[in-house]
Amino acid sequence: MSRWWKHTPGPGEPGRGFTLVELIAAMAILLLLTSVALPVARVQVQRTRELELRRALRQIREAIDRYKDFADRGMIPAKLDTFGYPPDLDTLVEGVPLKGSSTVKYKFLRRIPIDPMTGKPDWGKRSMQDDPDSRGWGGQDVFDVYSQSTATALDGQTKYSDW
């Protein structure tokens, strides 16, 4: 009595392996699935980077708004020509001393987020004195930030620097 796992095909019996046609069909199916999956994966990666960009911009802008709020309330010292906005992004990380306390510093950010489109914590800045669409920074204060990437978003119309 022969067991199926011990059986070896004889000279007239067919083998138990795959035929060439089956292997070609399997490879064609794998190639088709791969060619469909790669573009979907690329779009998903780009979408994730866009979400990270929105999150980073929101985080920095909220820190700028909190700094402005503290300056307007008189809780931190502010220069007149800055309109109460921070002089640079590093000030948000290093912190500013609260009025009436020489040792306590309030930090608005833990760190400057990395721009996911450029891979650097290098953000474009606008001051209150600059034009709203300006790409140059006057250096007086930081009113707004934008990505320095020149790439176009997934919608195909807007640039990341316009977000």
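Small disclaimer: the values here were computed from a predicted structure and weren't measured. Quick note: residue numbers are just sequence positions, from 1.
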Look at the side chain of E22 and the backbone N and O of T19, then say whether any donor-acceptor pair between them is shorter than 3.5 Å.
yes

Which atoms form the tightest heavy-atom contact between A71 and G84, and what is the distance?
CB-O, 3.5 Å

Would D122 and I114 count as a side chain to side chain contact (heavy atoms under 4.5 Å, CB included) here? Give the steps.
CA-CA 7 Å; D122 226 6; I114 293 175; over 6 Å; no

So how far is it from I64 CD1 to D69 CG, rounded to the nearest 0.5 Å?
14.0 Å

Answer whether the closest heavy-atom distance between the side chains of Q46 and M117 falls below 4.5 Å.
yes

Rounded to the nearest 0.5 Å, the OH atom of Y160 sits from the CG atom of L53 at a distance of 7.5 Å

Considering residues at least two apart in sequence or located in another chain, which fulfil the side chain to side chain donor-acceptor pair (under 3.5 Å) criterion with Q129?
S127

Flag, side chain of K125 to backbone of Y146, donor-acceptor distance under 3.5 Å:
no

Rounded at 0.5 Å granularity, tell me how far CD in Q148 sits from CG in D115.
8.0 Å

Rounding to 0.5 Å, atoms NZ (K159) and OG (S147) come to a distance of 11.5 Å

What distance do Q44 atom CD and T48 atom OG1 have between them, rounded to the nearest 0.5 Å?
4.5 Å

Any link between L32 and L38 through a network of hydrophobic side chains (Ile, Leu, Val, Met, Phe, Trp, Tyr) touching at under 4.5 Å?
no

Are the charged groups of D144 and R61 less than 4.0 angstrom apart, N to O?
yes

Counting only N and O atoms by type, is there a donor-acceptor contact under 3.5 Å from the side chain of R126 to the main-chain atoms of F143?
no

Before giving the answer on side chain to side chain contact (heavy atoms under 4.5 Å, CB included), spell out for M27 and L31 the whole-Å C-alpha distance, their side-chain angles and the decisive distance to 0.1 Å.
CA-CA 6 Å; M27 292 302 291; L31 182 65; over 6 Å; no

Report yes if the side chains of P87 and D141 come closer than 4.5 Å at any heavy-atom pair, otherwise no.
no

Does one hydrophobic cluster hold both V104 and L109, with members joined at side-chain heavy-atom distances below 4.5 Å?
yes

L20: hydrophobic cluster co-members (side-chain, 4.5 Å):
I24

Kindly work out whether a path of hydrophobic side-chain contacts (I/L/V/M/F/W/Y, heavy atoms less than 4.5 Å apart) joins L30 to F18.
no

To the closest 0.5 Å, what do you measure between NZ (K68) and CE (M128)?
6.5 Å

On a heavy-atom basis, the closest approach of P77 and P97 is CD-O, 3.6 Å

Any non-hydrogen side-chain atom of W123 less than 4.5 Å from a side-chain atom of L57?
yes

Between the side chain of R110 and the main-chain N/O of V93, is any donor-acceptor distance below 3.5 Å?
no

Non-hydrogen side-chain atoms of E50 and L154 separated by less than 4.5 Å
yes

Apply side chain to side chain contact (heavy atoms under 4.5 Å, CB included) to residues Y67 and V142 and explain how you reach the verdict.
CA-CA 10 Å; Y67 185 99; V142 180; over 6 Å; no

Using the side-chain hydrogen bond (donor to acceptor under 3.5 Å, both in side chains) rule, collect all pairs that involve residues 84-93, keeping only residues at least two apart or in two chains.
D88-T91

